[in-house]
*Asks:* 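Submitted below is the structure of interest, expressed as structure tokens.
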Amino acid sequence: MAGGAREVLTLQLGHFAGFVGAHWWNQQVRALAAARRSWWKVQPLPLFPLSSVFCNLQDAALGHATEGQESPGELCPDVLYRTGRTLHGQETYTPRLILMDLKGSLNSLKEEGGLYKDRQLEAAVAWQGKLTTHREEAYPKNPNLQDLLSAEGVLGSDSVWRAKAIQNGKGPPPVIPATNPKPCIPTENSVRVWSDFLGVHLHPRSICVIQKYNHDGETGRLEAFGQGESVLKEPRYLEELEDRLHFYVEECDYLQGFQILCDLHDGFSGVGAKTAELLQDEYSGRGVVTWGLLPGPYSLGEPQKNIYRLLNTAFGLVHLTGYSSFVCPLSLGGNLGLRPKPPVNFPYLRYDATLPFHCSAILATVLDTVTVPYRLHSSMVPMAHLADALSFSGKKVVTAEAAIPFPLAPGQSLPDILMQLGLASPWTPLSACGDSAGHRCFAQSVVLRGIDRASHTSKLKPGTPLPSTLHACASGEEVLAEYLQQQHPRVLSSSHLLLTPCKVAPPYPHLFSSFSQKGTALALDSVPKSAAVQSIPVFGALRSSSSLHGTLRDLADELSRLDLRRWASFMDAGVEQDDMEELLQELYSLAQCYQEGDSLSN
């Protein structure tokens, strides 16, 4: 382990969480390659598998796209990644991750991963009678995964995957020419599950498949909160989760906490609630940050699915807030209730809200930005401290907002664009909790990343009248702090300004129609259609806002109007009438925490 890293263990629970996680780990490994590049001069690089996508786009992955400049190395990859060693002594670098999904959700990805030997042990059979073998037909391997393995290593005659070695143990890994010289960009039709575009190898202890429920089909689905709770009441799955937790936790030197990526709309809300309870019981004092994930808009033509979605979301939110440092819903949908609203709109993005591949990419970019405070090399804000600043006085739900990408045009400075925004909110709401503009902000954590240092402060010539107080600031950090003070006086605000942008090279979907490869805003008619954006600036925020008062109260009101006799199947899954009454009471109490006048701020 890297000395001094404050490790975080990630738990991904559910299939949409798998989509978000796959995009996030892909983004992390691109940033990891760039960060490690500047360290090769002083220490050897552990072997971490990179897909052919990243090998082909070596300029983006290795930092060459920054015009020869070294990566700033602001983020510490060891917070989320761990070093390991294969059975053949080769070093690896894999996510510190436990994920749970359902039977049939992996396609051709093996549950034990591909880094270690896959040897079928022949057990002695005492039975002398006739034997019948039933073999399930294998899923065809996704072309993206084929490229991944062929570019990163070779499969020996003994069925062992071996990474291609670094010459002399030093320097960057050699660029492996792929069979297809163009980047392998998954199409919407080729992506069925999250493993279809996952660009990193996982440790054999990462994947846990819940065999009793099916991912596909109309039967055997994990649909209700009570079903999810019951999964971790079974000794088989509880012991498996505990064993994996102990494996990862015991190798950490300075564990700061856990982050849970959890589907809220289905039975995984119950899995997440029991997982958070387990973490609080066994690792009290550590931070537990939960990201409750909801797919895009839903159809009014599926009443049972919509009612289940409402109930799962409500039960998940209430139970997760009881065991988490804070909970942040993440969705591109308009609201948490039954009344559908159009998906959120980004001025510079063109995405299909019905595609998990698109929605999850955007949410992963948000996660990669707002989690920056507890992933920094220096001036790190521990996860528990961040939670304390945002969730005081019982405010255990926070919202996420972001500007993706942050539209800094050529020749502009940061003070210029912030002054143009004025009092208008620069962010798009991403928690299905309505727009926080015009509502009281109690506390916020803000991250702006990917702005060149030369653009941090005013570019006006000396003696030129200053158009705003932002132009008088001596550093980008002062500009950002002054802007937040103007937006929300007397509000507890923490801010971070990073040079490191978000990496969005393929297999990230092509969503940016008006930005250059380096994320600079361009006129729509000046963008080459074939140009793929490699990185973007992002402005993100976690906020505790009075807008949550109405959101949580409305959610409770909708639940109180439900005739639960019509949805007995949900109750039969393990939820009782008393649980429903307690849920409503806790939702109303949680909403009351956000009523204006409960804070000294603003």
Side-chain angles (χ1 to χ4, degrees), residues 72 74 345-349 366 369-370 372-373 379 389 399-430 435-502 514-516 518-524 536-547 599-602:
E74 297 157 310
N345 177 59
F346 294 88
Y348 302 99
L349 290 186
V366 177
T369 299
V370 298
V372 156
S379 302
T399 62
E401 304 177 26
I404 306 174
F406 183 68
L408 188 68
Q412 273 191 323
S413 67
L414 181 58
D416 293 334
I417 187 64
L418 293 179
M419 184 193 70
Q420 291 173 11
L421 289 170
L423 294 178
S425 174
W427 299 300
T428 298
L430 294 167
D435 195 342
S436 64
H439 291 272
R440 167 174 284 177
C441 177
F442 301 121
Q444 61 184 352
S445 170
V446 175
V447 175
L448 176 57
R449 58 186 302 186
I451 304 297
D452 186 82
R453 195 183 301 278
S455 300
H456 282 185
T457 55
S458 174
K459 298 180 180 180
L460 297 176
K461 295 180 180 179
T464 304
L466 299 179
S468 74
T469 56
L470 300 176
H471 290 77
C473 296
S475 68
E477 288 77 9
E478 289 184 26
V479 171
L480 185 54
E482 173 66 19
Y483 170 74
L484 296 176
Q485 174 65 20
Q486 292 177 6
Q487 283 258 322
H488 299 283
R490 302 181 303 279
V491 169
L492 177 61
S493 298
S494 65
S495 60
H496 293 86
L497 182 63
L498 277 69
L499 301 176
T500 308
C502 274
S514 57
F515 274 72
S516 70
K518 295 169 69 175
T520 304
L522 298 175
L524 284 172
I536 57 170
V538 178
F539 197 14
L542 293 175
R543 309 183 75 203
S544 178
S545 166
S546 63
S547 64
S599 173
L600 297 176
S601 62
N602 203 19

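Just so we're clear, the structure is a prediction, and the values are computed from it rather than from any experiment.
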*Asks:* Less than 4.5 Å apart, any side-chain heavy atom of V479 and any of H456?
*Replies:*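 Of all side-chain heavy-atom pairs linking H456 with V479, none is under 4.5 Å.
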
*Asks:* Please give me the minimum heavy-atom distance between V370 and A541, naming the atom from each residue.
*Replies:*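 Reported closest heavy-atom pair: CG1-N, 3.9 Å.
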
*Asks:* Can you tell if the side chain of V447 reaches within under 4.5 Å of the side chain of P373, non-hydrogen atoms only?
*Replies:*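 Yes, their side chains come closer than 4.5 Å.
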
*Asks:* Side chains of residues 413-429: which donor-acceptor pairs under 3.5 Å do they make with residues two or more places apart or in other chains?
*Replies:*
residue : atom : partner : partner atom : Å
S413    : OG   : D416    : N            : 3.3
S413    : OG   : D416    : OD1          : 3.4
S413    : OG   : D416    : OD2          : 2.9
D416    : OD1  : H471    : NE2          : 2.8
D416    : OD2  : S413    : N            : 3.0
Q420    : OE1  : Q412    : NE2          : 3.3
S425    : OG   : W427    : N            : 3.3
W427    : NE1  : F539    : O            : 3.4

*Asks:* Give every donor-acceptor pair under 3.5 Å between a side-chain atom in residues 401-409 and any protein atom, sequence neighbours left out.
*Replies:*
residue : atom : partner : partner atom : Å
E401    : OE1  : S436    : OG           : 3.4
E401    : OE2  : S436    : OG           : 2.5

*Asks:* For the residue pair C473 and E482, what are the closest heavy atoms and their distance?
*Replies:*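 So the minimum-distance heavy-atom pair works out to SG-CB, 4.1 Å.
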
*Asks:* What's the separation between atom CZ in R440 and atom OG in S547, rounded to the nearest 0.5 Å?
*Replies:*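 One finds 13.0 Å between CZ of R440 and OG of S547.
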
*Asks:* So, for D452 and L499, which heavy atoms are closest and what is the spacing to 0.1 Å?
*Replies:*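 Closest pair (atom of D452, atom of L499, distance): C-CD2, 4.4 Å.
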
*Asks:* Side-chain contact, heavy-atom cut-off 4.5 Å: H496 with T369?
*Replies:*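 Result no, sub-4.5 Å side-chain heavy-atom pair not found.
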
*Asks:* Output the distance between atom CG (L542) and atom CG (L430), rounded to the nearest 0.5 Å.
*Replies:*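 With rounding to 0.5 Å, CG (L542) is 10.5 Å from CG (L430).
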
*Asks:* Donor-acceptor pair, distance only, cut-off 3.5 Å: does the side chain of R449 make one with the backbone of L498?
*Replies:*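 Checking the backbone N and O of L498 against the side chain of R449, no donor-acceptor pair under 3.5 Å is found.
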
*Asks:* Roughly how far apart are L480 CG and S495 OG, rounded to 0.5 Å?
*Replies:*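 The CG atom of L480 sits 4.5 Å away from the OG atom of S495.
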
*Asks:* Could you pull out the closest heavy-atom pair between A400 and V366, with the gap in Å?
*Replies:*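 In this case the closest contact between A400 and V366 is CB-CG1, 4.2 Å.
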
*Asks:* Over all heavy atoms of both residues, which pair between P537 and G450 is shortest? Give the atoms and the distance, please.
*Replies:*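 Taking every non-hydrogen atom into account, CB-O, 3.8 Å.
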
*Asks:* Does the side chain of T469 pick up a donor-acceptor pair with the side chain of Q486 at under 3.5 Å?
*Replies:*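 Side-chain D/A pair, T469 to Q486: present.
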
*Asks:* Verify the distance criterion only: is there a donor paired with an acceptor across the side chains of H439 and R543 at less than 3.5 Å?
*Replies:*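 Per modelled atom types, H439 and R543 side chains form no pair under 3.5 Å.
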
*Asks:* Please find the pair of heavy atoms, one from L497 and one from E477, that lie closest to each other, and give the distance.
*Replies:*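 The answer is CD2-N, 3.7 Å.
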
